[in-house]
Amino acid sequence: MASAELPRPAPGAAARAAWPVSDYDLAATLDSGQAFRWQRVGAGWEGVVAGRWVRLTAAPERIEAETAVPQTSWDWLADYLQIRVELAPIQASFPDDAPLRSAVAACRGLRLLRQEPWECLASFILSSTKQIVHIRQIVETLCQRYGEPVAVPAGQAAAFAFPTAARLAAGTEAELRACRMGFRAPYLLAAAQRLAAGDLDLAGLAGRPLAEARAELMRLDGVGRKIADCVLLFAVGFQQAFPVDVWVAKALRELYFRGRRVAPRKLLVFSESHFGPHAGYAQQYLFHYRRTQATRTVRP
DNA sequence: AACCAGGACACAA
DNA sequence: TTGTGTCATGGT
């Protein structure tokens, strides 16, 4: 692997690695509504990836990582962060229109992660009509109550893995509702049960055509086109999946349809034809652009 | 204090 | 096919 491993672990951490990167905005990437477990702590970000506690820090042209236990390989993290993906060819594949140029300029270095499919699916089942901050709270509660504890550096607060499907399947709807997820509880429970029963093969989705993989996910109760596309884009690697939520719909209407009202179906057709082979990436730029723009300009 | 949030679904017209 | 009410909860 192309990472330079450093001999000096930080105080309390057992292992440390670093990768040279260019055009990687770690903060925007970890905080752009793809993943829900990252916490900004001081200058870094702490989270749990693949059952391992991790602290990430962005340095100029570098991303540094620390873990609580020694690592024989860092592939699991390099893959999650998509370290080796070059952004320039992706951005060059976008249509050369003014809206997308603005979005790319405003979100330079924003990346798509490659998440664990079950965690991603479960998280987005919980996401419907919820603000990102609240999704984080629900996911955190779920992990604290039903996730396996993971090793943390001395002096750090306890951390927990995302609960397995089998663990959630063994519980009850009432227990899930107690995590404040409301009407999404039966959806999550049923999905966990189907996975635990081997009735749905998330890992196998990557080898299938997009439409088939999407249809397979949409067989789950509570999973429609939008949530299915989030899982396909953020966890399975389908670059053309294009989740349209309220923010992306707003961005498309305002930037490409002169703010007019547009039928949801029409937005989908447009999204499938306009953005090219990395449409999903374009979607993430539009999403982040529209969200950060709004919060910046809403000053009286 | 209304309004809205990375929706989906059953049902109506 | 497209529109409306419902679901649960908390941030802004």
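Throughout, protein chains are lettered first and strands after them, A, B, ... in sequence-line order, and every chain is numbered starting at 1.
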Mind checking if [X] touches a base, just sugar-phosphate, or nothing, with heavy atoms under 4.0 Å?
X	answer
A/Ser127	sugar-phosphate
A/Phe36	nothing
A/Ser123	nothing
A/Gly222	sugar-phosphate
A/Lys266	nothing

In whole Å, what is the span from the [atom1] atom of [X] to the [atom2] atom of [N]?
X	N	atom1	atom2	answer
A/Arg291	C/dT12	CZ	C1'	13 Å
A/Asp245	B/dC4	CG	C1'	13 Å
A/Arg136	B/dA5	CZ	P	16 Å
A/Asp31	B/dG6	CG	C1'	13 Å
A/Lys250	B/dC3	NZ	P	15 Å
A/Arg177	C/dC7	CZ	P	11 Å
A/Met181	C/dT9	CE	P	11 Å
A/Phe183	C/dG10	CZ	C1'	13 Å

Taking only Lys NZ, Arg NE, NH1 and NH2, and the carboxylate oxygens of Asp or Glu, determine whether [X] and [Y] approach each other closer than 4.0 Å.
X	Y	result
A/Arg108	A/Asp25	no
A/Glu175	A/Arg177	no
A/Asp221	A/Arg184	no
A/Arg290	A/Glu254	yes
A/Asp229	A/Arg214	yes

What's the gap between [N] and [M] when it is taken at their [atom1] atoms, as a whole Å value?
N	M	atom1	result
B/dC3	C/dG5	P	15 Å
B/dC4	C/dT6	C1'	16 Å
C/dA8	B/dA1	P	23 Å

### Query
Do A/Phe287 and the base of B/dG6 stack face to face, with centres under 5.5 Å apart and an angle between planes under 30°?
yes
Donor/acceptor link under 3.5 angstrom from A/Gln137 side chain onto base of C/dG11: no
- Item | Result of checking A/Phe124, A/Tyr80, A/Phe36 against A/Phe234 for ring pair (Phe, Tyr, Trp, His ring centres under 6.0 Å) |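 Going through A/Phe124, A/Tyr80, A/Phe36 one by one, the ring pair (Phe, Tyr, Trp, His ring centres under 6.0 Å) with A/Phe234 is satisfied by A/Phe124 alone.
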> Using a cut-off of less than 4.0 Å, is there contact between a side-chain N or O of A/Lys226 and OP1 or OP2 of B/dA5?
Replying inline: no
message = On DNA chain B, does the nearest nucleotide to A/Met218 precede the nearest nucleotide to A/Gly33 from the 5' side, or the other way round? Give the residue.
response =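 Checking each residue's closest nucleotide, the 5'-ward one belongs to A/Gly33.
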Exercise. Taking for each residue the nucleotide of DNA chain B with the nearest heavy atom, is it A/Asp221 or A/Val244 whose nucleotide lies nearer the 5' end?
Worked result: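 Its nucleotide being nearer the 5' end, the pick is A/Val244.
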Both A/Arg261 and A/Arg184 contact DNA chain C. Taking the nearest nucleotide for each, which residue is further toward the 5' end?
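Comparing both residues, the 5'-ward one is A/Arg261.
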In terms of side-chain heavy atoms of [X], which of [options] is nearest?
X	options	answer
A/Val133	C/dG10, B/dG6, C/dG11	C/dG11
A/Arg180	B/dG6, C/dT2, C/dT9	C/dT9
A/His134	B/dG6, B/dG7, C/dT9	C/dT9

